[in-house]
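Take a look at this one; I'll ask things after.
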Amino acid sequence: MVELTGDSGNVYLLPKDDGTVIACAEVVLIVSEPQYRANVDGFAKVRELNALRFTTGAKQLRELAKHLTEWADIADDMAERVLLREADSEA
C-alpha cells in the first residue's frame with residue numbers, strides 16, 4: 001500500500017486576461033510504497049519514494065482540507081471506540 005511520507009506545496013497567483021488573478025496552490029505529496037527486488041539471498045523489500053503533484057484553486061483546496069479533517073476525525077473516533085471496548089472488557 002502507498003503511504004504518505006511527507007508533503008510540500010507552493011502558492012501562486014495566476015494572471016487572467018482581464019487583469020485579475022486566480023489564487024492557486026500546487027500540492028506535493030511525497031509517498032512511498034514497497035518494491036520487491038531479487039538479490040543473492042532471495043528477495044529484498046525496499047521502499048521507493050514518489051511525488052504526486054497537483055494544482056488546485058483555493059476553493060478546492062479548502063474542500064480537500066475539509067475532507068481530510070473529517071476522515072481524521074472518523075479515524076480518531078474509531079480508535080477511541082476500540083480503546084473504550086477494551087477497557088470495558090477488562091473491567
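This one's a predicted model, so the numbers in the text were calculated from it and none came from an experiment. For the numbers below, each heavy atom of this structure counts, side chains included, while hydrogens, waters and symmetry mates do not.
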Glu26: partners by side chain to side chain contact (heavy atoms under 4.5 Å, CB included), with sequence neighbours left out:
Asn10, Tyr12, Val28, Arg53, Thr55

Apart from Leu13 itself, its cluster of hydrophobic side chains linked below 4.5 Å comprises Val21

Contact list for residues 67-90, test ring-ring contact (aromatic ring centres under 6.0 Å, His included), sequence neighbours left out:
His67-Trp71

According to the salt bridge (Lys or Arg N to Asp or Glu O under 4.0 Å) rule, which pairs have a member within residues 5-15, sequence neighbours left out?
none

Checking side chain to side chain contact (heavy atoms under 4.5 Å, CB included) for the pair Val27/Leu61: CA distance, chi angles, key distance, verdict?
CA-CA 9 Å; Val27 178; Leu61 194 57; 3.8 Å; yes

Met78 CE to Ile74 CD1 distance, which is reported to the nearest 0.5 Å:
8.5 Å

Minimal heavy-atom distance between Val31 and Thr5, with the atoms involved, is C-OG1, 3.9 Å

Below 3.5 Å, can you tabulate the donor-acceptor pairs from side chains in residues 40-50 to any protein atom, sequence neighbours excluded?
{"unit_1": "Arg47", "atom_1": "NE", "unit_2": "Ser32", "atom_2": "OG", "d": "3.2"}
{"unit_1": "Arg47", "atom_1": "NH2", "unit_2": "Ser32", "atom_2": "O", "d": "3.3"}
{"unit_1": "Arg47", "atom_1": "NH2", "unit_2": "Ser32", "atom_2": "OG", "d": "3.4"}
{"unit_1": "Glu48", "atom_1": "OE1", "unit_2": "Arg37", "atom_2": "NH2", "d": "3.3"}

Qualifying salt bridge (Lys or Arg N to Asp or Glu O under 4.0 Å) pairs, either residue in residues 63-73, two or more places apart
none

Rounded to the nearest 0.5 Å, the CG atom of Leu4 sits from the CG atom of Leu29 at a distance of 6.0 Å

Identify, with sequence neighbours excluded, every residue that meets side chain to side chain contact (heavy atoms under 4.5 Å, CB included) alongside Arg62.
Ala58

If the condition is side chain to side chain contact (heavy atoms under 4.5 Å, CB included), which residues does Asp18 pass it with, not counting sequence neighbours?
Lys16, Thr20

